[in-house]
Peer 1: 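Take this structure, written in structure tokens, and hold onto it; I'll ask about it next.
Every heavy atom of this structure was used, including side-chain atoms; hydrogens, water molecules and symmetry mates were not. Just so we're on the same page: letters track the sequence lines, and every chain starts at 1.
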Amino acid sequence: MSLVLYNDLTRTKEPFVPLREGHVGFYSCGPTVYDYFHIGNARPFIVFDVLRRYLEFSGYRVTFVQNFTDIEDKMIARANREGITVRQLADRFIAEYYKDADALGVKRATHNPLATEHMDEIIELVSTLIKKGHAYESEGDVYFDVKSFSKYGALSKQTIDELQAGARIDVTENKRHPLDFALWKAAKEGEPHWTSPWGEGRPGWHIECSAMAMKYLGETLDIHSGGTDLTFPHHENEIAQTEAATGKPFVKYWIHNGYLLIDKEKMSKSLGNFLTARAALEQFPARAIRFFMLSAHYRSPINFSEDSLHQARAAMDRLDNCWSDLRYAIDSRKKGETGEGKELSARFADLEKKFRAVMDDDFNTAGAMGVIFDGVKIINTYLKENEILDMEALRSAENFFVKIDSVMGLLPAEADGGDEEQEIEKLIAERNEARKNRDFGRSDEIRDDLAARGIILEDTPDGTKWKKKA
RNA sequence: GGCGGCAUAGCCAAGUGGUAAGGCAGAGGACUGCAAAUCCUUUAUCCCCAGUUCGAAUCUGGGUGCCGCCUCCA
């Protein structure tokens, strides 16, 4: 059993076989850093983070590259509006990107290259394309000649004529063909520019991904991912540029995530119907957002709503409760040799197999959730039905969660110990003393005070547990 | 016009031939000083029609509805 991925190039699921055994070169299109990213943008960050983690979990060494587009029309417009340089704008929103992505539990990429730091590579790639007759200069601009690349449209499954028929682009530019796209743009007044063989200018949007992907991952990548709206033209153009230059296949597996909808409509900056990840994080716990994103298959559209986030949050609470009950049992409940260790270990080993099976099938995270909650049920029942617990059983359960969570990233961070924790323990002791004396007024007062601080108490036959509200 | 996706219980959502995972919400019960948590029980003729098959949510054809790409967009 091994990983199968849906490849948009062939529109079928294919067994995943990397170019180099044991290693995966994975490029994911990153944000244009002109603003906070919105919750729809967050979807690919989260789902491909999970794919990357799953590959690592499966034993691959993954080189994961995600770029920042830091020079582009919208960057220039916003920087001008704010009276700052494009560089300052980029620095600011790169920092903001990390804040939000970190909060959402997205692992840092191996490399986060910037377009502006790869001008040499970009210029060289454009030069090569001109030399090979796939690109032409026109008044300081350089365009890719789509007619020169016979496979153009292979990813979109459309011919050049079909693509053009629906085209809504104006033909006023210096292009030979309406679908020709800019590799290099001549500098305009007040724009950042770099020196090139075609005069001062800046790169087109698509070329940076090709140049940087090749620099960090070589001429052929294992996986390239992005939102499905990037399929055309961005990824189509990346293929054209790169393959025209190298004569080699650019990417083995193209994968695209479905949209995040809001009110059944695509969330996008241009439609104005977006909620920034920053704003969403103020409203909902980060792990609930992550949970929501992973509760459906990555290729399906998902509808963002307050209700679906509440549902995700409630489900996450169930997982949290189980986890904290388990940890509490390991630390504080009665243990003994009960002979149930083997049985529970076997059941968790079986669940781990199921987890691998569903994830191997095009990383079906929604299926994986089912497996996780099967584990939750087993643990809850075991803890409920037994006075004396078997340490081997508890450890196998803990191990199961830790392993799976290395992929899913849904469990809360470790409690930090420290003064606050000691104070809480003291208050709990005081409250239990009050309860013993049937002084429920005082007892409830302490519980209410702690609740106001986000600390939830639960009385169990083995003592009082506490947890922080998510 | 071309290309593509989706339609499973009140809600979210897995499931590509053998009579439907999981989560949320609801109802009843157990436990509890009260809570909370947990456990048990309970809720689906899988959009419609026709076909293939011993057998279809799953395959084929035809509908209906919703969404998207072909322009910057994750």
Side-chain angles (χ1 to χ4, degrees), chain A residues 8 11 13 28-32 37-48 72-74 153 155-159 161-170 178-179 205 225-234 236 256-261 264-271 274 291-292 295-297 299-303 305 307-322 324-325 354 358 361 364-377 379-385 435 438-440 443-444 447-448 451 456-461 464-467:
Chain A
D8 274 304
R11 304 231 166 126
K13 285 186 190 174
S28 198
C29 284
T32 300
F37 64 85
H38 63 64
I39 197 72
N41 301 327
R43 188 174 186 191
F45 302 152
I46 292 171
V47 299
F48 297 128
E72 193 262 350
D73 292 356
K74 287 192 290 279
L155 182 63
S156 331
K157 304 286 179 273
Q158 301 248 56
T159 64
D161 290 341
E162 285 162 348
L163 285 165
Q164 192 188 348
R168 289 172 278 174
I169 46 179
D170 62 51
L179 289 178
W205 172 41
S225 67
T228 188
D229 45 1
L230 296 185
T231 307
F232 189 89
H234 185 55
E236 194 73 65
H256 295 97
N257 64 277
Y259 294 119
L260 182 138
L261 311 176
K264 303 230 167 142
E265 219 180 24
K266 176 185 174 185
M267 179 182 285
S268 79
K269 289 244 167 88
S270 27
L271 289 172
F274 64 91
F291 195 105
F292 165 70
S295 66
H297 189 90
R299 276 190 283 117
S300 310
I302 49 174
N303 197 46
S305 69
D307 191 49
S308 48
L309 264 289
H310 283 311
Q311 289 189 17
R313 181 183 182 149
M316 189 197 71
D317 284 344
R318 179 168 158 83
L319 179 62
D320 280 5
N321 285 332
C322 176
S324 73
D325 286 353
K354 278 191 190 153
V358 293
D361 184 9
N364 183 352
T365 55
M369 293 293 195
V371 178
I372 291 171
F373 281 99
D374 286 345
V376 166
K377 179 66 145 268
I379 293 167
N380 284 341
T381 303
Y382 180 66
L383 296 181
K384 164 97 176 170
E385 290 183 347
R435 288 175 71 214
R438 306 195 67 80
D439 179 1
F440 297 121
S443 144
D444 288 349
R447 183 168 63 192
D448 292 345
I456 310 292
L457 301 189
E458 291 175 17
D459 297 324
T460 78
T464 301
K465 338 181 1 289
W466 66 274
K467 65 178 179 186

Peer 1: Does B:U38 have a Watson-Crick or wobble mate here (both distances under 3.5 Å), and if so which one?
Peer 2: B:A30

Peer 1: Is a side-chain N or O of A:Asp8 found less than 3.5 angstrom from the main chain of A:His256, in a donor-acceptor match?
Peer 2: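 At least one qualifying donor-acceptor pair exists.
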
Peer 1: Relative to each other, are the rings of A:Phe45 and A:Phe37 parallel, tilted or perpendicular (30° and 60° limits)?
Peer 2: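 Aromatic pair A:Phe45/A:Phe37 classed perpendicular.
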
Peer 1: In whole Å, what separates the P atom of B:G18 from that of B:A57?
Peer 2: 10 Å

Peer 1: Write down the distance between CZ (A:Phe37) and P (B:A74), rounded to a whole number of angstrom.
Peer 2: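 Going from CZ in A:Phe37 over to P in B:A74 covers 11 Å.
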
Peer 1: Pick base, sugar-phosphate or nothing for A:Lys264, based on heavy-atom distances below 4.0 Å to the nucleic acid.
Peer 2: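 The answer is sugar-phosphate, as A:Lys264 gets under 4.0 Å only of primed atoms, P, OP1 or OP2.
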
Peer 1: Under 4.0 Å between any heavy atoms, over every strand shown, what does A:Asn41 touch: base, sugar-phosphate, or nothing? Just pick one.
Peer 2: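 Base, at least one base heavy atom under 4.0 Å.
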
Peer 1: Any idea which of B:C70, B:G2, B:C39 is nearest the A:Phe232 side chain?
Peer 2: B:C70

Peer 1: Round to a whole Å and report the spacing from CD1 of A:Ile302 to C1' of B:C6.
Peer 2: 14 Å

Peer 1: Main chain of A:Lys264, side chain of A:Asn303: is a donor-acceptor contact present, judged purely on distance under 3.5 Å?
Peer 2: yes

Peer 1: Provide the Watson-Crick or G-U wobble partner of B:G10, both distances under 3.5 Å; none if there is no partner.
Peer 2: B:C24

Peer 1: Taking CZ from A:Arg11 and P from B:G4, how many angstroms apart are they, rounded to a whole number?
Peer 2: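 Answer to the nearest Å: 5 Å.
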
Peer 1: Checking base pairs now: Watson-Crick or wobble, both atom distances under 3.5 Å. What partners B:A74?
Peer 2: none

Peer 1: Quick check for you: among B:C11, B:C40, B:C73, whose closest atom lies nearest to any side-chain atom of A:Asp307?
Peer 2: B:C11

Peer 1: Which nucleotide, B:A30, B:G33, B:C69, lies nearest any side-chain atom of A:Lys384?
Peer 2: B:A30

Peer 1: Over all strands shown, is A:Phe440 touching base, sugar-phosphate only, or nothing at heavy-atom distances under 4.0 angstrom?
Peer 2: base

Peer 1: Have a look at A:Leu260 and say if it touches a base, only the backbone sugar-phosphate, or nothing, with a 4.0 Å heavy-atom cut-off.
Peer 2: base

Peer 1: Answer with yes or no whether the side chains of A:Glu236 and A:Ser156 bring together a donor and an acceptor at under 3.5 Å.
Peer 2: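 Yes - a donor-acceptor pair under 3.5 Å links their side chains.
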
Peer 1: If we take the C1' atom in both B:G1 and B:A9, what is their distance in whole Å?
Peer 2: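 That atom pair is separated by 39 Å.
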
Peer 1: NA contact type, A:Pro233, heavy-atom cut-off 4.0 Å: base, sugar-phosphate, or nothing?
Peer 2: sugar-phosphate

Peer 1: Could a donor-acceptor pair under 3.5 angstrom be found where the side chain of A:Asp444 meets the base of B:G33?
Peer 2: yes

Peer 1: Using the P atom as the point on both nucleotides, what is the distance between B:C11 and B:A44, in whole Å?
Peer 2: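 Here B:A44 and B:C11 have their P atoms 14 Å from each other.
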
Peer 1: Is a donor-acceptor pair below 3.5 Å formed from side chain A:Lys74 to base B:C73, judging by atom type as modelled?
Peer 2: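 There is none.
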
Peer 1: Using only atom types and a distance under 3.5 Å, with no angle test, would you say the side chain of A:His38 pairs donor to acceptor with the backbone of A:Asn41?
Peer 2: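 Here the side-chain-to-backbone pair exists.
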
Peer 1: Can you tell me if A:Lys13 touches the phosphate of B:U16, counting only side-chain N or O atoms and a distance under 4.0 Å to OP1 or OP2?
Peer 2: no

Peer 1: If you look at every strand shown and take non-hydrogen atoms under 4.0 Å, does A:Ser268 touch a base, only sugar-phosphate, or nothing?
Peer 2: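 Base, at least one base atom sits under 4.0 Å.
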
Peer 1: Among A:Lys384, A:Arg318, A:Lys465, which residue satisfies the salt bridge (charged side-chain N to carboxylate O under 4.0 Å, His left out) criterion with A:Asp325?
Peer 2: A:Lys465

Peer 1: How close or far is atom C1' of B:C72 from atom NE2 of A:His38, stated in whole angstroms?
Peer 2: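 It works out to 12 Å between those atoms.
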
Peer 1: So which atom in A:Leu260 and which in A:Ile39 form the shortest heavy-atom distance, rounded to 0.1 Å?
Peer 2: CD1-O, 3.7 Å

Peer 1: Between A:Leu457 and A:Asn303, which residue's closest nucleotide on RNA chain B lies nearer the 5′ terminus?
Peer 2: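 Final value for this comparison: A:Asn303.
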
Peer 1: If you look at every heavy atom in A:Ala296 and A:Ile302, which pair is closest and at what distance?
Peer 2: CB-CG2, 3.3 Å

Peer 1: Could you measure between the two P atoms, the one in B:U58 and the one in B:U19, and give it in whole Å?
Peer 2: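 Pairwise P distance, B:U58 against B:U19, rounds to 15 Å.
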
Peer 1: Report, one pair per line, the protein and nucleotides 56-58 of chain B atoms (nitrogen or oxygen only) whose separation is under 3.5 Å.
Peer 2:
none

Peer 1: When all nucleic acid strands are considered with a 4.0 Å heavy-atom cut-off, which category describes A:Thr460: base, sugar-phosphate, or nothing?
Peer 2: nothing

Peer 1: Given B:A35, B:G5, B:C73, which nucleotide is nearest the side-chain atoms of A:Asp229?
Peer 2: B:C73

Peer 1: For the side chain of A:Glu265, counting heavy atoms from C-beta on, which of B:A74, B:A14, B:G68 is nearest?
Peer 2: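 Per side-chain heavy atoms of A:Glu265, the pick is B:G68.
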
Peer 1: Please check this pair: side chain of A:Ser443 against backbone of A:Asp439, looking for a donor-acceptor N/O pair closer than 3.5 Å.
Peer 2: no

Peer 1: When you compare the protein's N or O atoms with those of nucleotides 19-26 of chain B, which come within less than 3.5 Å of each other, and at what distance?
Peer 2:
unit_1, atom_1, unit_2, atom_2, d
B:G23, OP1, A:Arg318, NH2, 3.4
B:G23, N2, A:Gln311, OE1, 2.6

Peer 1: Can you tell me how far P of B:A74 sits from CG of A:Asn257, to the nearest Å?
Peer 2: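 Going from A:Asn257 (CG) to B:A74 (P), I get 11 Å.
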
Peer 1: Under the side-chain contact (heavy atoms from CB on, under 4.5 Å) rule, collect the residues that match up with A:Asp444, sequence neighbours excluded.
Peer 2: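 Counting only residues at least two positions away or on another chain, A:Asp444 forms a side-chain contact (heavy atoms from CB on, under 4.5 Å) with A:Arg447.
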
Peer 1: In chain order, what residues pass the side-chain contact (heavy atoms from CB on, under 4.5 Å) check against A:Arg11, with sequence neighbours excluded?
Peer 2: A:Tyr6, A:Lys157

Peer 1: B:G33, B:A36, B:G68: which one has an atom nearest the side-chain heavy atoms of A:Tyr259?
Peer 2: B:G68

Peer 1: Using the C1' atom as the point on both nucleotides, what is the distance between B:A13 and B:C24, in whole Å?
Peer 2: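 The same atom, C1', in both gives a distance of 11 Å.
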
Peer 1: Quick one: does any side-chain atom of A:Arg435 pair with a main-chain N or O of A:Phe440 as donor and acceptor, under 3.5 Å?
Peer 2: no

Peer 1: Can you tell me the base-pairing partner of B:G68? Count Watson-Crick or G-U wobble geometry only, both distances below 3.5 Å, and say none if there is no partner.
Peer 2: B:C3

Peer 1: Could you list the residues that satisfy side-chain contact (heavy atoms from CB on, under 4.5 Å) with A:Pro44, not counting sequence neighbours?
Peer 2: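 Once residues adjacent in sequence are excluded, the partners of A:Pro44 under the side-chain contact (heavy atoms from CB on, under 4.5 Å) criterion are A:Phe48, A:Asn257.
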
Peer 1: Is there a Watson-Crick or G-U wobble partner for B:C46 with both distances under 3.5 Å, and which nucleotide is it?
Peer 2: none

Peer 1: For the side chain of A:Leu261, counting heavy atoms from C-beta on, which of B:C39, B:C73, B:C67 is nearest?
Peer 2: B:C67

Peer 1: With both distances under 3.5 Å as the test, what is the Watson-Crick or G-U wobble partner of B:U16?
Peer 2: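 The base-pairing partner of B:U16, which may sit in any strand shown, does not exist here.
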
Peer 1: Rounding to an integer number of Å, can you tell me how far A:Arg435 CZ sits from B:C34 C1'?
Peer 2: 9 Å

Peer 1: In whole Å, measure the gap between the P atoms of B:A35 and B:C67 for me.
Peer 2: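 So the two P atoms sit 46 Å from each other.
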
Peer 1: Mind checking the C1' distance from B:U45 to B:A74? Whole angstroms is fine.
Peer 2: 40 Å

Peer 1: Where the side chain of A:Ser270 is defined as all heavy atoms beyond and including C-beta, which of B:G33, B:A37, B:C73 is the nearest nucleotide?
Peer 2: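 Closest nucleotide among those given: B:C73.
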
Peer 1: How long is the line joining CG of A:Leu230 and P of B:C69, in whole Å?
Peer 2: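 It works out to 12 Å between those atoms.
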
Peer 1: Say you pick atom P in B:C46 and the same atom in B:A37; how far apart are they, in whole Å?
Peer 2: 35 Å

Peer 1: Has A:Asn364 got a side-chain N or O lying under 4.0 Å from the OP1 or OP2 atom of B:A14?
Peer 2: no

Peer 1: Can you tell me how far P of B:U32 sits from CZ of A:Arg447, to the nearest Å?
Peer 2: 15 Å

Peer 1: Using side chain to side chain donor-acceptor pair (under 3.5 Å) as the criterion, list what pairs up with A:Thr464, not counting sequence neighbours.
Peer 2: A:Asn432, A:Asp459

Peer 1: Please figure out whether A:Lys157 or A:Gly226 has its closest RNA chain B nucleotide nearer the 5' end.
Peer 2: A:Lys157

